[in-house]
Amino acid sequence: QVKLVESGGGVVQAGGSLILYCVGSGGTFRIKAMGWYRQSPGNHRELVADISSVGSTNYADSVKARFTITRDNAKNTVYLQMNSPKPEDTAVYYCYCSAQVYTTIWRNNEYWGQGTQVTVSS
């Protein structure tokens with residue numbers, strides 16, 4: 001199992017900045033892709049950004065040029081730098097990873113964090 005714990009959420013003014021953190025921990029595992037999703041009331045969970053194990057990134061069009069995803073493989077940590085957030089970025093942000101986990105054999109699985117609330121005030 002991989003446990004993902006997010007931090008860094010809160011209230012930020014539009015045009016400000018905020019950084020989200022997510023740390024993975026558990027038994028024997030190798031994290032592959034990591035990413036951030038978000039969900040606001042009445043909407044489906046949507047991809048914000050993801051990053052491969054070698055650093056290739058992918059962003060939702062709505063956050064390109066404003067948000068930056070990075071990761072530290074040695075620390076099993078992924079970050080989301082949110083610059084110039086807008087009120088429409090208000091949502092619960094969830095950390096995600098795909099990983100190979102070793103119990104008696106290696107298995108692929110996907111994991112989610114509990115989510116962290118981000119509120120952007122206008």
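Side chains included, hydrogens not; waters and symmetry mates left out as well; all remaining heavy atoms used. Just so we're clear, the structure is a prediction, and the values are computed from it rather than from any experiment.
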Of all the heavy-atom pairs spanning [X] and [Y], show the shortest one and how long it is.
{"X": "Leu80", "Y": "Val48", "answer": "CD2-CG1, 4.1 Å"}
{"X": "Gln114", "Y": "Tyr94", "answer": "O-CE2, 3.4 Å"}
{"X": "Ala99", "Y": "Tyr111", "answer": "CB-CE1, 4.3 Å"}
{"X": "Leu47", "Y": "Ala60", "answer": "O-CB, 3.4 Å"}
{"X": "Val101", "Y": "Gln1", "answer": "CG1-N, 3.3 Å"}

Summary of side chain to side chain donor-acceptor pair (under 3.5 Å) pairs that have at least one residue in residues 76-85, sequence neighbours excluded: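 Passing the test, one end in residues 76-85: Gln81-Asn83.
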
Pairs meeting criterion salt bridge (Lys or Arg N to Asp or Glu O under 4.0 Å) with involvement of residues 19-44, two or more places apart: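 Non-adjacent pairs meeting salt bridge (Lys or Arg N to Asp or Glu O under 4.0 Å): Arg38-Glu46, Arg38-Asp89.
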
If you round to the nearest 0.5 Å, how far is [atom2] of [Y] from [atom1] of [X]?
{"X": "Thr57", "Y": "Phe67", "atom1": "OG1", "atom2": "CZ", "value": "14.5 Å"}
{"X": "Ser40", "Y": "Gln117", "atom1": "OG", "atom2": "CD", "value": "9.5 Å"}
{"X": "Gln100", "Y": "Arg107", "atom1": "CD", "atom2": "CZ", "value": "12.5 Å"}
{"X": "Lys64", "Y": "Asn58", "atom1": "NZ", "atom2": "CG", "value": "7.5 Å"}

ILVMFWY network linking Tyr37 to Met34, side-chain heavy atoms under 4.5 angstrom: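 No, because Tyr37 and Met34 fall into different hydrophobic clusters, even though each may have its own neighbours under 4.5 Å.
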
Residue pair Tyr96, Asp50: steps toward the side-chain contact (heavy atoms from CB on, under 4.5 Å) verdict: CA-CA 9 Å; Tyr96 156 89; Asp50 60 22; 5.8 Å; no

Under the disulfide (SG to SG under 2.5 Å) definition, can you give me all pairs with a residue in [range], not counting sequence neighbours?
{"range": "residues 57-122", "answer": "Cys22-Cys95"}
{"range": "residues 38-71", "answer": "none"}
{"range": "residues 39-78", "answer": "none"}

Gly27 backbone acceptor or donor facing Tyr102 side chain under 3.5 Å: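 Checking the backbone N and O of Gly27 against the side chain of Tyr102, no donor-acceptor pair under 3.5 Å is found.
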
Test item: Thr119 side-chain N/O and Thr90 main-chain N/O as donor-acceptor pair under 3.5 Å: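 Pair absent, no side-chain N/O of Thr119 close to backbone of Thr90.
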
Side chain proximity check, [X] to [Y], heavy atoms < 4.5 angstrom:
{"X": "Lys3", "Y": "Val23", "answer": "no"}
{"X": "Val78", "Y": "Ile31", "answer": "no"}
{"X": "Arg45", "Y": "Trp112", "answer": "yes"}
{"X": "Tyr21", "Y": "Val5", "answer": "no"}

Quiz: residues 7-19 side-chain donor-acceptor pairs under 3.5 angstrom, not counting sequence neighbours:
none

